[in-house]
Amino acid sequence: MKLILLGPPGAGKGTQAKMLIQRYGVPQISTGDILRGAVKEGSPMGLKAKSFMDAGGLVPDEVVVGIVEERLQKPDCDKGFILDGFPRTVPQADALAGTLSSLGKNLDAVISLEVDIEALVARLAGRRTCDSCGAGYHVAYEPPAVDGVCDKCGGKLIQRDDDKEETIRKRMAVYNEQTSPLVDYYRNAGLLRTVDGMLPIDEVGVAILAQLKDFE
Ligand code: AMP
């Protein structure tokens, strides 16, 4: 199962990737998670990425392409992988095609989550993450039992800097300009499968699995 999950920030790519990795036993490769890990560690890559991320912009292609190239070569990707948040630009998609072909692999499908941008802004602005264990919450749709406190570990819930409304608007504009051309890119490659991302989480999952039936 070699998949890309495509869609604007907050479309539910991370949530659906978690469902898919359980179902298919393949790793999720989230460039956003890897970059946030690097920022937290304070590694040179993290230091370079932080300013782009906080401003809602994209980290330079060569940085993220390098991350994904290295990750795809790990043995746990032999059975497949779910790419979440990558590629985000046409040059990244071209680089991915080159990497996969040099590894003798090809993509099975690209799932495009179709969503309403205004609804997404509300979704993203309500997201909270545990500062200690990384568990995700939403103030309206998935609130913790106690305000601001993680149900799982008691850690403090924080809002990602890039989930502030002004930054969210910037991220949506970046998506429209740089990432949305990938919908046609993968449609032309015959790989695109679209799913209504505005349905409840479980129904989106069911719709994705229906699209992937022929690969099982
Ligand atoms: P995400 O969690 O996927 O929304 O990613 C958070 C942030 O990390 C993005 O707003 C970008 O600044 C950066 N990022 C993640 N993936 C990529 C990518 N493929 N290309 C460039 N920047 C990325």
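One-based numbering, in listed order, for ligands and for the atoms of each.
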### Query
Taking any residue with a non-hydrogen atom under 4.0 angstrom from an atom of ligand 1, which ones do you get?
Thr31, Gly32, Leu35, Arg36, Met53, Gly57, Leu58, Val59, Val64, Gly85, Phe86, Arg88, Gln92, Arg160, Asp162, Arg171
### Query
Can you tell if the side chain of Pro87 reaches within under 4.5 Å of the side chain of Leu182, non-hydrogen atoms only?
yes
### Query
Just wondering, do Ile82 and Val26 contact through their side chains at under 4.5 Å, heavy atoms?
yes
Report, one line per pair, each donor and acceptor closer than 3.5 Å where one atom sits in a side chain of residues 123-131; sequence neighbours left out.
unit_1: Arg123; atom_1: NH1; unit_2: Gly10; atom_2: O; d: 2.9
unit_1: Arg123; atom_1: NH1; unit_2: Ala11; atom_2: O; d: 3.4
unit_1: Arg123; atom_1: NH2; unit_2: Gly197; atom_2: O; d: 3.1
unit_1: Arg127; atom_1: NE; unit_2: Asp163; atom_2: OD2; d: 3.2
unit_1: Arg127; atom_1: NH2; unit_2: Asp163; atom_2: OD1; d: 3.4
unit_1: Arg128; atom_1: NH1; unit_2: Ala125; atom_2: O; d: 3.2

### Salt-bridge present (Lys170, Glu166; N to O < 4.0 Å)
no
### Query
Would you find a donor on one side and an acceptor on the other, under 3.5 Å apart, between the side chain of Gln92 and the backbone of Arg88?
yes
### Query
Are any of the side-chain heavy atoms of Val110 and Arg193 separated by less than 4.5 Å?
no
